[in-house]
Amino acid sequence: MELNELQTQRLTKLERFRDRGIDPFPPRCSRTHTIARALAEFDAWSEAGTPITLAGRIVGARRVMGKLAFAHITDGSGHIQLWLSKQELGDELFTCFREDLDTFDIVEVHGTLRLTQRGEPSVFVRGLSLLAKALNPPPEKWEGLKDVEERQRQRYLDLIVNEERREIFRQRAAIIAAMRRFLDERGFIEVETPVLQPIYGGAAASPFITHHHQLDQDLYLRVATELYLKRLIVGGFEGVYEIGKNFRNEGVDRLHNPEFTAMECYQAYADYTDMMRLTEQMIRTIALEITGSTTIIYQGHQIDTGPDWTRLSLVGAIRDQTGIDLMEATTLDALWEAIQAAGLKGLERKPTWGKQVDEVFSTCVQPSLIQPTLVLDYPVELSPLAKRKPDMPALTERFEGFIAGMEVANAFTELNDPLDQEQRFLEQGRAFASGDDEAHQMDLDFLNALRYGMPPTGGMGLGVDRLVMLLTDQATIREVMLFPHLRSRGSG
RNA sequence: GGGCCGGUAGCUCAGCGGUAGAGCAACGGACUUUUAAUCCGCAGGUCGAGGGUUCGAUCCCCUCCCGGCUCACCA
């Protein structure tokens, strides 16, 4: 590894510790308190002169003025100023601080708490030792690390330097914990289903393919957890959920990453109207727990998760926005003709009626769905796993939830008729044969499960990353993922 | 995949045919109450990669790599 000048300097300093018989990476430390604790007890401990030992990373500038020096250290709980006096520390340690310690080194300090004349709570340092030498230099002090690519490639550095970034991931953890609590309290049990699957399904998506050597078998990374979770409903669990990674071999953009975290839950003896209430309550509850309010601000939009969400039918919403009546334009040709007649611009011709409907919806309706909205009753062509509406068999009991123009939830009354499900798979097979590589595969084992009888069931899926985006006001999915997908950096 | 913008010192950025620049950080020096400390001094570069044009290319042209925005595709 080729070192630049700054790295070489730091390596030299490290070697000076070794020359003095000091391990620059000692195996343990003798910290007595966190910085947060020390600050909380500051008044009492500074008055009593209580000796404490703190540990942390030197951040910001080291301000050395002859025989006196200041610096800040930070641990996981907060930061505090170090106050070092040559007279108190002794020549050797003071010189060590001055010459061999750098910004970003991790140190342990022993001393007492004392207020400086300018009123800043500080540790008046009487002992000092190195816990870990930083061989890489820090980024610029004021501008920090701004380059988006570098921040994501070196997320560890981003997290050191940009405290607000750490806060986003603390909130992410809190959101997922709140989601678990919400589901646990309602009797759902958390399960784990296979990531490696011989047949992929549960979403219209193209998969990643991998291979098991010993079995000489191709396997797919799951695109959804749906079909396994429904097997568990067949198995007698009344409520199950899974929070985990899905993998889709598709485009990467502001809202999509090849691997992302989804929550799917299924409730026996429930339907999609129950899922509507569950979705509303879940997001309202989480928003309240995380932000302290059911009203959130996302990218300048004030969004209220408190009231019940607006409900629109897909057919009605498209009719209102474009004048096109899907109940009349029931073939691809008829729909395309209606699109032309309506003078809609920027729409492309799609290979199937269902995809054309999706195109009209996502172009003409979805962007305007800023406040929480449920869009109901999707065409059966787009919903091969959802139950048909009894009075309108061309539509399904399905809804998607939108906030800030983003799809965040997808739910339906689950199709539990094995014969209809088999026909849907066959239809998907024909779509696949005619070039739709995201069509579902025939899953005979899933059909076999349904043949034992699955109770009427409601299911709901939610994009966890997108929910985190909403609640932390982040514009891109990459900013709520610790290690988003990036191209490997070539030699070029 | 298309369009637009970008990649220059550890970091943040200027420069855009004529010896490669600044601020911060670093390094050497002065300094016992700093908070972006201050002052003096000194260093630091395959200017994303490769090719071309030119007397001469960080700069102009071509190809490629990596990113950002956007459109398309896609939940």
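Basis for what follows: all heavy atoms, side chains included, without hydrogens, waters or symmetry-related copies. Chain naming here is simple, since letters A, B, ... match the order of the sequence lines and numbering starts at 1 in each.
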Describe the nucleic acid contact of [X] in one word from base, sugar-phosphate, nothing, applying a heavy-atom distance below 4.0 Å.
| X | answer |
| --- | --- |
| A/Ala203 | nothing |
| A/Gln154 | nothing |
| A/Glu140 | base |
| A/Arg478 | sugar-phosphate |
| A/Gly60 | nothing |
| A/Glu438 | sugar-phosphate |
| A/Glu120 | base |
| A/Lys141 | sugar-phosphate |
| A/Asp358 | nothing |

Do A/Thr74 side-chain atoms and A/Gly78 backbone N/O form a donor-acceptor pair below 3.5 Å?
-> yes
Indicate yes or no for a side-chain donor-acceptor contact from A/Glu108 to the backbone of A/Leu130 under 3.5 Å, with no hydrogens or angles considered.
-> no
Separation of [X] atom [atom1] from [N] atom [atom2], in whole Å?
| X | N | atom1 | atom2 | value |
| --- | --- | --- | --- | --- |
| A/Gln152 | B/C69 | CD | P | 9 Å |
| A/Leu255 | B/C74 | CG | P | 15 Å |
| A/Glu149 | B/U12 | CD | C1' | 16 Å |
| A/Met65 | B/U33 | CE | P | 7 Å |
| A/Asp465 | B/C74 | CG | P | 21 Å |
| A/Glu479 | B/G68 | CD | C1' | 12 Å |
| A/Lys86 | B/U33 | NZ | P | 15 Å |
| A/Leu3 | B/A9 | CG | P | 17 Å |

Looking just at side-chain N and O atoms, do [X] and [Y] make a donor-acceptor pair shorter than 3.5 Å?
| X | Y | value |
| --- | --- | --- |
| A/Arg398 | A/Ser383 | yes |
| A/Glu242 | A/Thr193 | yes |
| A/Gln7 | A/Asn136 | yes |

What class does the angle between the rings of A/Phe425 and A/His440 fall in, given that below 30° is parallel, 30 to 60° is tilted and above 60° is perpendicular?
->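 Geometry flag for A/His440 against A/Phe425: tilted rings.
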Mutual orientation of the aromatic rings belonging to A/Phe399 and A/Tyr272 [parallel < 30°, tilted 30-60°, perpendicular > 60°] = tilted
Using the [atom1] atom as the reference point in each nucleotide, state the distance between [N] and [M] in Å, no decimals.
| N | M | atom1 | result |
| --- | --- | --- | --- |
| B/A57 | B/G17 | C1' | 7 Å |
| B/C27 | B/U63 | C1' | 42 Å |
| B/U33 | B/G41 | C1' | 26 Å |
| B/C31 | B/A37 | C1' | 11 Å |

Is the shortest heavy-atom distance from the side chain of A/Leu255 to the side chain of A/Met469 under 4.5 Å?
->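 They are in contact (side-chain heavy atoms under 4.5 Å apart), so the answer is yes.
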Nucleotide forming a Watson-Crick or wobble pair with [N], both distances under 3.5 Å:
| N | value |
| --- | --- |
| B/U38 | B/A30 |
| B/C60 | B/G52 |
| B/G67 | B/C5 |
| B/C24 | B/G10 |
| B/C16 | none |
| B/A43 | none |

Closest to the [X] side chain: [options]?
| X | options | value |
| --- | --- | --- |
| A/Lys146 | B/U35, B/G67, B/C13 | B/C13 |
| A/Asn4 | B/G10, B/U33, B/C66 | B/G10 |
| A/Val148 | B/G68, B/C73, B/U12 | B/G68 |
| A/Asp253 | B/C66, B/C73, B/U33 | B/C73 |
| A/Arg487 | B/C66, B/U12, B/G10 | B/C66 |
| A/Leu6 | B/U35, B/G68, B/G10 | B/G10 |
| A/Arg62 | B/U33, B/C27, B/A25 | B/C27 |

In Å and rounded to the nearest 0.5 Å, what is the NZ to CD distance from A/Lys230 to A/Glu226?
-> 4.0 Å
Roughly how far, to the nearest 0.5 Å, is CD1 of A/Ile35 from CG of A/Asp75?
-> 3.5 Å
Using a cut-off of less than 4.0 Å, is there contact between a side-chain N or O of [X] and OP1 or OP2 of [N]?
| X | N | result |
| --- | --- | --- |
| A/Arg63 | B/U35 | no |
| A/Arg151 | B/G67 | no |
| A/Lys355 | B/A72 | no |

Considering only heavy atoms, which members of residues 372-387 of chain A lie under 4.0 Å from some atom of RNA chain B?
->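 By residue number: none to list.
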Near RNA chain B, under 4.0 Å by heavy atom, which residues of residues 242-252 of chain A?
->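 Heavy-atom cutoff 4.0 Å gives A/Arg248, A/Glu250.
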Salt bridge (Lys or Arg N to Asp or Glu O under 4.0 Å) partner of A/Asp100, chosen from A/Arg20, A/Lys133, A/Lys13, A/Arg62 = A/Arg20
Qualifying residues under side-chain hydrogen bond (donor to acceptor under 3.5 Å, both in side chains), relative to A/Ser129, sequence neighbours excluded =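 With neighbours one apart ignored, the set is empty.
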Given the options A/Lys245, A/Arg172, A/Arg466, A/Thr261 meets side chain to side chain donor-acceptor pair (under 3.5 Å) only with A/Arg172
